[in-house]
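Below you'll find the structure, written out as structure tokens, and then a few comments.
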Amino acid sequence: MANGQWYPPEWPDRIRALADGTLTPVTPKRAATVMLLKDTGTGTGTGPAVHMLRRRASMAFAGGAYAYPGGGVDPRDDDHQVRWAGPTRAWWADRLGVDETAAQAIVCAAVRETYEEAGVLLAGPAPDSVVGDTTGADWEADRAALVARDLSFAEFLERRGLVLRSDLLGAWTRWITPEFEARRYDTWFFVAALPEGQRTRNVSTEADRTVWIAPGEAAAGYDKGELLMMPPTIATLRQLTPYDTAARALADAPGRDLTPVLATARLVDGEIVLSWPGHDEFTKHIPTTGGATA
């Protein structure tokens with residue numbers, strides 16, 4: 001493996017099946033993931049660190065790969081308006097390219113998944129505040145109930161008297177899982193800064209390791225084949241590398257293009273070429289028989 005690109009062994013067969021019309025793509029599920037940043041204050045010029053988790057090797061999807069906290073949208077977040085601070089739902093709908101109901105659900109998913117998988121909550125008792133500590137037993141009981149889906153995020157916020165802080169998120173990019181994948185997600189990637197007083201915890205049942213790491217350092221690990229990642233993860237790490245503070249990354253987020261990135265597979269000169277528009281480094285050449293080549 002020249003680098004750490006996650007590439008399942010079943011992909012070539014599935015791509016060939018898609019190309020010859022014997023594979024019907026599944027509809028992608030809505031999802032959100034958050035690149036949680038914190039300024040290191042080291043003065044080394046490395047910029048902010050990003051919180052990453054390593055998915056357990058036993059996971060059916062991307063086992064062993066490094067990723068950010070994230071997951072699927074809970075349909076219950078579509079139909080119950082939560083207390084909301086920051087840009088309006090209409091603004092988010094325009095930004096995310098969906099209707100207002102879906103926009104709330106996607107933003108809720110980003111905040112909820114960050115809490116479920118990292119113990120960090122982008123919400124507060126007032127529109128200009130954030131909870132300071134979420135490590136107590138009562139907080140943990142609520143977090144576990146959210147993970148088990150025994151408690152909806154709207155119910156959680158209402159019970160706690162909390163306002164969702166959408167202004168602490170910045171929509172960064174959007175990727176859709178390739179059509180040949182068995183598990184497909186339409187995923188919005190957000191950036192956020194670690195709130196003062198809160199700390200991350202390794203509480204995800206899907207992860208066996210978490211780490212704060214400079215985006216450039218993580219990208220170097222990928223390039224050496226030491227860190228396994230999916231294309232959107234390494235792509236976003238490279239995009240974050242130039243920033244020297246979390247605030248500057250957040251400030252640039254509203255101007256970023258959210259046109260979905262979707263891999264395409266086409267037949268060229270007797271081989272299938274798998275490519276991600278705008279991301280040439282992920283291109284794969286797949287013979288019509290046999291495995292994939294770089």
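In this structure, Leu262 shares a hydrophobic cluster with Ile176, the cluster being traced through Ile, Leu, Val, Met, Phe, Trp and Tyr side chains under 4.5 angstrom apart. Side-chain contacts under 4.5 Å among hydrophobic residues (ILVMFWY), followed directly or transitively, place Val273 together with Val268.
No donor-acceptor distance shorter than 3.5 angstrom exists from the side chain of Arg174 to the backbone of Trp188, with no hydrogens or angles considered.
Once rounded to the nearest 0.5 Å, the distance linking CD of Glu217 with CG of Leu227 reads 8.5 Å. Of the inter-residue distances, the one linking Glu117 atom CD with Leu146 atom CG reads 12.0 Å to the nearest 0.5 angstrom. Note that CG of Leu168 and CG of Leu36 are 10.5 Å apart. Values are rounded to the nearest 0.5 Å. To the nearest 0.5 Å, atoms OG1 (Thr210) and OH (Tyr66) are separated by 9.5 Å. For the atom pair CG of Leu122 and SG of Cys108, the computed distance is 11.5 Å after rounding to the nearest 0.5 Å. Atom CG of residue Leu18 and atom CD of residue Glu179 lie 6.0 Å apart, to the nearest 0.5 angstrom.
Under the side-chain contact (heavy atoms from CB on, under 4.5 Å) criterion, Pro178 pairs with Phe180, Ala263, Trp276, not counting sequence neighbours. Annotation: side-chain contact (heavy atoms from CB on, under 4.5 Å) contacts of Arg199 (sequence neighbours excluded): Thr135. Among residues two or more places apart in sequence or in another chain, the ring-ring contact (aromatic ring centres under 6.0 Å, His included) test is passed with Trp139 by none. With sequence neighbours left out, Pro125 forms a side-chain contact (heavy atoms from CB on, under 4.5 Å) with Ser129, Val131, Leu162. Applying the side-chain hydrogen bond (donor to acceptor under 3.5 Å, both in side chains) test to Trp212 and every residue at least two apart in sequence or in another chain returns Thr200. Listed by chain and number, the residues in a ring-ring contact (aromatic ring centres under 6.0 Å, His included) with Tyr68 amount to none (sequence neighbours excluded). Taking the side-chain hydrogen bond (donor to acceptor under 3.5 Å, both in side chains) definition, one finds that Ser275 meets it with Thr264, Arg266, sequence neighbours left out.
In this model, a donor atom of one side chain and an acceptor atom of the other lie less than 3.5 Å apart for Trp92 and Ser166. Using a 3.5 Å distance cut-off with no hydrogens or angles, the side chains of Tyr185 and Arg30 do not pair a donor with an acceptor.
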Report, one line per pair, each donor and acceptor closer than 3.5 Å where one atom sits in a side chain of residues 22-29; sequence neighbours left out.
residue	atom	partner	partner atom	Å
Thr22	OG1	Ala17	O	3.2
Thr22	OG1	Asp20	OD1	2.7

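Annotation: salt bridge (Lys or Arg N to Asp or Glu O under 4.0 Å) contacts involving residues 157-171, sequence neighbours excluded, comprise Asp138-Arg160, Asp142-Arg159, Asp142-Arg160, Arg165-Asp167. Applying the side-chain hydrogen bond (donor to acceptor under 3.5 Å, both in side chains) rule to pairs touching residues 96-108 yields Arg89-Gln104, sequence neighbours excluded.
Between Phe282 and Trp175, the angle of the ring planes goes over 60°, which puts this pair in the perpendicular group of the 30/60° scheme.
Residues Leu37 and Leu240 have side chains in contact (heavy-atom distance under 4.5 Å, counting atoms from C-beta outward). Side chains of Arg149 and Asp74 form a contact here, defined as non-hydrogen atoms less than 4.5 Å apart. In this structure, the side chains of Leu274 and Thr283 stay at 4.5 Å or more apart for every pair of heavy atoms.
Ile106 and Val163 sit in two unconnected hydrophobic clusters of ILVMFWY residues. Membership requires side-chain heavy atoms under 4.5 Å apart, directly or through other members.
The pair Arg248-Asp244 counts as a salt bridge, with a side-chain nitrogen and a carboxylate oxygen less than 4.0 angstrom apart.
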